[in-house]
Amino acid sequence: MKLSIIITVIISAVILQIIGLSLFIFGFFPVKPALSGVSGPESFYFDDGGGSDSVANHTRASMPPHLLKSLYQELSGIHPSFERLILMVIDGLPAEFVLGKDGQPPREDFREAMPYTQALLSNGMATGYHAKAAPPTVTMPRLKAMVSGAIGGFLDVAFNFNTQAMLDDNLLDQFFRIGWKMVMLGDETWLKLFPGLFTRHDGVSSFYVKDTVQVDQNVSRHLENELNRDDWNLLILHYLGLDHVGHIGGRNSILMAPKLKEMDEVVKMIHLSTIQTRDNDQGKTLLVVVSDHGMTENGNHGGSSYEETDSLALFVGLKNDLSDYAASSCNSIYQVDIAPSLALLFGVPIPKNNVGVLISEAFDLLTDDKQLRVLELNSWQLLRLIQAQLPGLSCRNLPSHDGFTDGLASTTVECSGSMEKMLCCLYMNAINLHRSWKSKSLSRSKSRDDYSCTVAAYHQFLKTASEWLSRRVTDKPVGLLAFGIVAMAISSLTLLGLMICMSTEDQPGENQRLCNSITGLHKWSVNEIFLLSVMLILVMSMASSSMVEEEQYIWHFVLSTSHVLFLRKAVQPLAPGSAKSFFKLMKGQTERLDFRISSIILLLISGRILRSWHQGGVNWTYLPDISKWLEQAGVNHVRSIQLASGLLVISLSIFALFLFGSRRKITQLVGFCFLICGFLVLWHLYHNNAFVSASCDAAIQAQIIYAILGIATIGFFVALPWFIPLWFPGTCSKPNVKSTLVTFDGQCIFSLVEFRDSSYLIGLAYIICWCLLQLLLQQPINSMPILLLLVQILSSMLYFSCSGLQHIEVEVALLYYMGMAGHFALGNSNTLATIDVAGAFIGLSSHSMFLSGILMFIITYASPMLFLLSMLMYISVKCTSYLANHQNVDSGHLAKMILGFPCLVPVGLNSILLTSYTVVLLLMRNHLFVWSVFSPKYLYVCATTVCIYVGVFVVAATEIYTCWVLALRRKKQISIR
């Protein structure tokens with residue numbers, strides 16, 4: 001097969017895969033559909049036939065704010081319970097820090113850090129709730145949920161880094177329409193979501209997580225002044241420091257208790273100055289303390305675990321008769337329930353796309369008829385949303401309720417059948433019981449039981465409707481999804497077929513292999529069979545949510561088994577009774593055999609340590625591991641290991657240059673550059689503590705290191721092929737050294753020795769610079785795993801240099817497996833919570849979504865990219881095998897066998913996994929864990945695909961550039977000679 005055909009097929013397959021993937025993503029993760037417009041006066045009465053919205057909208061648009069406010073109050077029949085609202089958002093605060101968990105109070109140190117808040121709960125002056133947040137648990141979609149009551153699309157996790165103005169109906173727009181003045185202090189996300197709504201504001205960036213002090217002081221410095229003013233109706237305070245503390249040091253950070261104390265002081269100041277002193281004034285104030293999400297043990301968030309979804313909702317100012325602490329702190333709601341509750345408390349319509357249910361305890365002081373009225377309004381709003389999702393649905397003509405449409409029935413019917421009929425049935429049960437209660441109220445024959453039955457019927461409808469709307473999967477364009485999957489399947493089959501053709505085509509000593517494979521006579525090796533088995537195991541495991549959550553076990557098993565199989569192959573010459581092995585040993589090949597066995601043993605040992613470094617996954621993270629032991633030992637121990645790892649990385653880089661076996665000046669220059677870069681990184685790590693917030697000087701130092709590493713990497717890539725000495729027949733200093741000549745159309749274009757040397761030095765430069773960059777960016781506890789990954793690469797290269805030219809595709813696949821296993825060994829998982837946000841801001845003096853996104857990608861995919869870059873060294877060691885077996889080689893054959901596999905195998909294997917998991921995700925679209933387990937995993941699969949493409953492109957571009965430069969130099973030298 002010609003080289004041009006191979007390149008064309010690969011590029012076409014990759015483009016087809018990208019097209020198919022894009023179509024599937026936009027089809028499976030559409031932007032959440034929402035009802036257009038905003039709720040108005042029509043929210044306070046219900047017309048099942050529709051048709052009144054346009055009149056109501058016109059009326060609302062033509063009314064000034066104060067008249068619209070009066071109209072709302074008149075139509076609702078409920079006087080607003082409060083006139084002013086203070087919404088205090090403590091970013092990342094788990095509810096259990098304040099309310100405890102499972103009926104137990106919070107940890108003692110947390111209780112002592114928030115004495116005033118705990119006193120409010122104990123005295124019945126505040127009511128707290130565990131407000132369950134929906135995944136993804138990141139700030140922007142959670143703020144949207146609290147002010148609109150709507151659950152956003154899953155891809156809001158990506159939009160979180162580029163917030164746009166919120167166009168859906170929400171509380172802030174409703175408040176603005178009735179003339180409220182609003183002030184915002186804190187996270188600038190509010191300013192991006194609601195531009196132009198705030199009378200005064202002072203925003204701070206939410207992404208620069210190294211700042212835990214100034215980011216909150218910037219809010220509190222305005223607080224006293226704002227509390228003394230009376231020109232606002234809504235004051236939003238968004239504190240980010242606690243979330244930043246979590247990202248840096250986790251839940252158990254030494255900074256956590258002081259930060260909770262600081263938040264408690266803010267609650268105390270607000271309560272004493274606005275609520276307690278103005279309790280009898282006409283303009284009563286409600287303080288609502290909420291958190292957007294919780295955090296895991298290591299302080300991250302984004303996933304769906306209890307720790308991440310356990311957010312807080314604390315209402316201070318709602319009088320209740322609860323003096324029992326447990327009764328005031330053990331209630332559970334959904335985060336979307338906050339929006340309808342606040343809307344009804346302040347006399348504005350419930351946002352159109354709300355799926356939440358009002359918090360009943362917030363309306364306990366209302367009379368019975370008013371409490372039924374707020375339940376009725378909430379039910380009308382949800383029914384409108386259901387009818388929008390199910391066009392043509394009308395509950396008026398429900399047959400089972402024809403008998404009591406006169407409103408005098410006081411019984412309910414049992415609801416069954418389809419979900420549409422059940423929802424209508426439950427709604428009509430509640431409405432008819434309410435009508436019956438009203439009728440009996442007029443005749444003074446009502447009873448408490450009638451009221452309780454009506455409330456229960458409303459709650460049954462509201463709960464069922466809310467759950468159905470929350471779970472409902474939006475209609476997906478089946479044709480678009482099918483086309484996307486077909487395109488990816490064709491791409492995968494094309495790449496797989498090309499891999500098989502290349503692996504069976506004209507390898508040294510196996511000229512008949514292709515023919516034998518076609519006729520079924522080819523004998524597959526154990527390693528090849530295992531390679532196929534691994535892909536089958538991975539594909540089958542994708543259908544299990546538990547295996548997706550604990551995928552790291554599969555990769556560690558695959559890697560360990562692969563190493564054992566290679567060890568078996570290495571020790572085969574030592575098998576007793578083998579005459580062939582005896583003669584090989586007598587011929588002096590024992591040294592090569594020792595290298596191979598020692599390399600595999602080193603791989604097994606380092607792999608076992610990496611396996612034990614992080615427990616990983618989702619369900620077993622509480623089990624002990626090496627990283628937990630070191631963190632418990634103290635920060636100083638971790639920093640010592642970090643510095644020692646850096647020194648060993650520098651030492652290994654010099655050792656790898658020594659293995660190059662040359663004392664040329666170019667090699668010495670490369671080694672000197674390694675030393676300079678390495679000691680700069682060590683100096684930065686020694687003088688800057690990664691456990692506390694970084695200073696401006698530290699950011700500048702990191703920027704300098706970024707620049708030096710970047711210049712060194714690009715410099716090695718550009719310059720090394722120009723300075724590698726050229727080899728000409730008769731000029732070699734060692735006459736017994738044979739150099740294979742690479743030919744094109746029968747003419748020599750360059751020596752394989754030159755290509756080998758260039759690939760080795762550039763590949764080593766890529767690897768060392770990448771490792772030094774990771775030492776700078778990764779958590780300090782991950783410095784030793786970075787060292788062990790480098791050890792694995794060098795050990796693998798030592799083994800592969802002695803393994804000959806057979807089964808190149810298996811060796812490349814092993815490097816791919818090592819990269820994926822290392823990905824999980826660094827603490828990554830298939831949940832968004834393990835993404836290291838803190839490291840993405842090292843060296844940034846201000847927030848930049850683009851730069852922090854790149855750094856986050858570099859940190860997350862440190863291991864896969866490292867092993868992809870090692871393909872350059874692999875190509876070099878395989879060139880050594882060609883030097884030992886060939887005098888001349890055609891450039892097309894060289895490209896297919898040496899360059900083809902390192903690029904094709906990773907793309908092909910990833911393509912199979914991507915296509916398989918796409919099919920799995922489509923089949924699991926109605927699964928309970930589709931958004932919490934399978935969808936986050938799919939985002940990781942897509943990001944891995946991007947990583948593979950980037951890594952393969954770098955490898956291919958480097959080798960093509962190297963060949964072009966060497967050919968150009970040789971052509972010039974020959975013309976001069």
Side-chain angles (χ1 to χ4, degrees), residues 649-650 653-654 656-657 660 664-684 699-725 754-778 786 790 793 840 842-844 848 850-859 861-862 864-876 899 902-903 946-969:
V649 166
I650 298 172
S653 66
I654 303 303
L657 280 177
F660 183 63
R664 299 169 182 156
K665 292 182 179 180
I666 185 66
T667 307
Q668 297 172 3
L669 179 61
V670 171
F672 178 74
C673 291
F674 287 169
L675 289 175
I676 294 296
C677 295
F679 284 116
L680 274 175
V681 172
L682 283 178
W683 181 80
H684 176 81
I700 295 175
Q701 293 169 14
Q703 292 170 8
I704 293 173
I705 295 175
Y706 291 157
I708 292 176
L709 289 176
I711 293 172
T713 303
I714 297 175
F716 290 139
F717 162 69
V718 173
L720 281 175
W722 291 99
F723 292 99
I724 287 291
E754 305 155 5
F755 181 77
R756 178 199 66 182
D757 294 350
S758 297
S759 296
Y760 187 91
L761 289 178
I762 296 176
L764 183 61
Y766 283 175
I767 291 171
I768 300 304
C769 290
W770 186 261
C771 286
L772 294 175
L773 178 62
Q774 295 303 325
L775 288 176
L776 182 66
L777 295 176
Q778 293 280 346
I786 294 296
L790 178 60
I793 288 177
I842 294 177
L844 300 184
S848 169
F850 177 73
L851 294 177
S852 60
I854 291 177
L855 291 177
M856 197 178 301
F857 182 84
I858 290 173
I859 295 170
Y861 288 94
M865 185 63 72
L866 180 63
F867 281 89
L868 286 171
L869 296 177
S870 72
M871 295 295 178
L872 291 167
M873 290 185 67
Y874 177 80
I875 292 170
S876 176
L899 302 183
C903 297
V946 174
C947 175
I948 297 296
Y949 286 161
V950 172
V952 168
F953 174 79
V954 171
V955 172
T958 301
E959 296 300 13
I960 292 173
Y961 172 77
T962 301
C963 291
W964 176 77
V965 171
L966 293 177
L968 183 63
R969 288 180 61 201

| query | Is the closest side-chain heavy-atom distance between Leu675 and Ile654 below 4.5 Å? | reply | yes
| field | With Phe717 via ring-ring contact (aromatic ring centres under 6.0 Å, His included) - residues at least two apart | value | Tyr961
| task | Measure across His684 and Leu776 and return the closest heavy-atom pair with its distance rounded to 0.1 Å. | result | CD2-CD1, 3.1 Å
| note | Between the CG atom in Leu855 and the CG atom in Leu777, the distance rounded to the nearest 0.5 Å is 5.5 Å
| said: Contact between Leu682 and Ile650 at the side-chain level, heavy atoms closer than 4.5 Å - yes or no? | reply: yes
| field | Heavy-atom closest pair, residues Leu764 and Met873 | value | N-CG, 3.8 Å
| field | Under the side chain to side chain contact (heavy atoms under 4.5 Å, CB included) test, residues paired with Cys677 that sit two or more places apart | value | Ile708, Leu709, Ala712, Leu772
| said: Just verifying a value: how many Å separate Leu866 CG and Ile768 CD1, rounded to the nearest 0.5 Å? | reply: 9.0 Å
| remark: Heavy atoms of Ile724 and Ser758 approach each other most closely as CG1-OG, 3.2 Å
| message | I need the minimum non-hydrogen distance between Leu868 and Gly951, along with the two atoms involved. | response | CD1-CA, 3.9 Å
| said: Under the side chain to side chain donor-acceptor pair (under 3.5 Å) definition, can you give me all pairs with a residue in residues 949-959, not counting sequence neighbours? | reply: Gln17-Tyr949, Ser759-Glu959, Tyr766-Thr958
| Tyr706: what forms a ring-ring contact (aromatic ring centres under 6.0 Å, His included) with it, not counting sequence neighbours? | none
| task | Indicate yes or no: at least one non-hydrogen side-chain atom of Leu790 is less than 4.5 angstrom from one of Ser653. | result | no
| request: Evaluate the criterion side-chain contact (heavy atoms from CB on, under 4.5 Å) for residue pair Phe723 and Leu669; output intermediate values, then yes/no. | output: CA-CA 11 Å; Phe723 292 99; Leu669 179 61; over 6 Å; no
| How far apart are the closest heavy atoms of Met865 and Cys947, and which atoms are they? | CE-O, 3.6 Å
| query | Does the side chain of Val670 come within less than 4.5 Å of Leu720's, by heavy atoms? | reply | yes
| Over all atoms of both residues, closest heavy-atom pair of Cys903 and Val955 | SG-CG1, 4.1 Å
| task | Not counting sequence neighbours, list each pair that qualifies as a salt bridge (Lys or Arg N to Asp or Glu O under 4.0 Å) and has a residue in residues 757-772. | result | Arg664-Asp757
| task | List for me each residue that meets side chain to side chain contact (heavy atoms under 4.5 Å, CB included) alongside Ala765, sequence neighbours excluded, and say none if there are none. | result | Phe674, Phe716
| request: Apply the test side-chain contact (heavy atoms from CB on, under 4.5 Å) to residues Ile858 and Trp770: give CA-CA distance (whole Å), side-chain angles for both, the deciding distance (0.1 Å), then the verdict. | output: CA-CA 9 Å; Ile858 290 173; Trp770 186 261; 3.6 Å; yes
| query | Under 3.5 Å, is there a donor-acceptor pair between the side chain of Glu754 and the main chain of Cys963? | reply | no
| note | Across all chains, not counting sequence neighbours, the side-chain hydrogen bond (donor to acceptor under 3.5 Å, both in side chains) partners of Tyr760 are none
| message | With rounding to the nearest 0.5 angstrom, report the CD to CD1 distance, Gln774 to Ile859. | response | 7.0 Å
| said: If the condition is side chain to side chain contact (heavy atoms under 4.5 Å, CB included), which residues does Ile714 pass it with, not counting sequence neighbours? | reply: Val718
| request: Using ring-ring contact (aromatic ring centres under 6.0 Å, His included) as the criterion, list what pairs up with Trp722, not counting sequence neighbours. | output: none
| request: Could you list the residues that satisfy side chain to side chain contact (heavy atoms under 4.5 Å, CB included) with Ile676, not counting sequence neighbours? | output: Phe672, Leu680
| Just how far is it from atom CG of Leu869 to atom SG of Cys771, taken to the nearest 0.5 Å? | 9.5 Å
